[in-house]
Amino acid sequence: MSTAESKTENKAEKVEYEGPAISFEDVSISFEGNEVLKNVSFAIEQGETRLLLGPAGGGKSVLMKLCDGLLQPDSGTIRVLGHEITGMKEREMFALRHRIGMVFQESALFDSMSVEDNVAYLLHEDKVPAEEAHKRVEEALRFVELEKAIDKFPAELSGGMRRRVSIARAIITEPDLILYDSPTGGLDPITSTTIMELVMKRRDVSHTTSLIITHRLQDAFYLATNHYNVEKNGAEKIPANGIDEKTKFLMLNDGKIVFDGTTLELTHSDDPWLKEYLA
Ligand SMILES: Nc1ncnc2c1ncn2[C@@H]1O[C@H](COP(=O)(O)OP(=O)(O)OP(=O)(O)O)[C@@H](O)[C@H]1O
């Protein structure tokens, strides 16, 4: 069986669509007169992993919330997974959100629920039978290597474990797109690396399109220069200083796109602002 065939089989309900996974055309949004995104346009192709970087307050989280329909722009057009979501009714957006996994900043788990119920949250909403839900939770927890924590509560987990649970929750519906908002924020460097390995595994094993906000340049370059090795169950440097062709960068500064391109284009850029940011 070819890789493409086995990939389709593994996906619960893969929906085919034309065009990019995400596209923004001339999108602007303000809060109380403060223009946070200014005529932003870009596209993320299907299968791509896009790293979203830039100084604090530049509009990264706002951009991500627009992708999930949690915010609506003042002007411009946003398409996600083949649908125009600008002006979309909440009921339709709700259905589309089942195809989008979101890993929120600081994990955003429900403290009063067990790990199992946190991970199964969307399945319970969809009234998936208990036995099937339990099987899928086990599978998702296996992916993040946290099967043993299934009966624990968030307060009993470390920050890194909570982040793993939130990744398991995001992948439970086998989404076509994953949005990670600062998945390593607040974690120590070693734990951050293990979380980035999971992001890499999702990229290289499931080939899920993703958008990842990160404040840590080293995390971004780790993802751009390593592949996930299934046999070794870990990251491996791409030989000969190679880079992952599907991993690209998007930089936001003060509400404007200041870079949109490949790792090589970024590292070879002569733009003074970029050079200083990367220094
Ligand atoms: N709901 C909101 N109401 C008012 N202002 C908001 C709202 N959401 C975001 N902002 C403002 O938009 C600007 C951009 O915020 P955003 O969180 O997108 O930045 P960011 O690039 O993600 O920053 P960080 O790296 O610190 O997470 C900030 O000035 C913020 O205060």
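For the single chain, residues carry numbers from 1 onward in sequence order. Read the numbers this way: they start at 1 and go in the same order the structure lists the ligands and their atoms.
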**Item:** Salt-bridge criterion met for K201 and E197 (N-O under 4.0 Å)
**Value:** no

**Prompt:** So, are D181 and K60 salt-bridged, with charged N and O less than 4.0 Å apart?
**Reply:** no

**Message:** Check for me whether R202 meets the cation-pi criterion with F143, that is, NZ or CZ under 6.0 Å from the six-membered ring centre and within 45 degrees of the ring axis.
**Reply:** yes

Can you list every pair where an N/O of ligand 1 is under 3.5 Å from an N/O on the protein?
from     : atom 1 : to   : atom 2 : distance (Å)
ligand 1 : 18 (O) : K60  : N      : 3.4
ligand 1 : 18 (O) : S61  : N      : 3.2
ligand 1 : 18 (O) : V62  : N      : 2.9
ligand 1 : 19 (O) : G59  : N      : 3.3
ligand 1 : 21 (O) : G58  : N      : 3.1
ligand 1 : 21 (O) : G59  : N      : 3.0
ligand 1 : 21 (O) : K60  : N      : 2.9
ligand 1 : 21 (O) : K60  : NZ     : 2.9
ligand 1 : 22 (O) : S61  : N      : 2.9
ligand 1 : 22 (O) : S61  : OG     : 3.0
ligand 1 : 23 (O) : G57  : N      : 2.8
ligand 1 : 25 (O) : K60  : NZ     : 2.8
ligand 1 : 25 (O) : H215 : NE2    : 2.7

**Least distance between heavy atoms, Q72 atom then T86 atom** = OE1-CA, 3.5 Å

**Item:** Test log, rule ring-ring contact (aromatic ring centres under 6.0 Å, His included), inputs F249 and F221
**Value:** CA-CA 10 Å; F249 286 80; F221 284 106; 5.4 Å; yes

**Asked** Less than 4.0 Å between a side-chain N and a carboxylate O, is that true for R50 and E45?
**Response** no

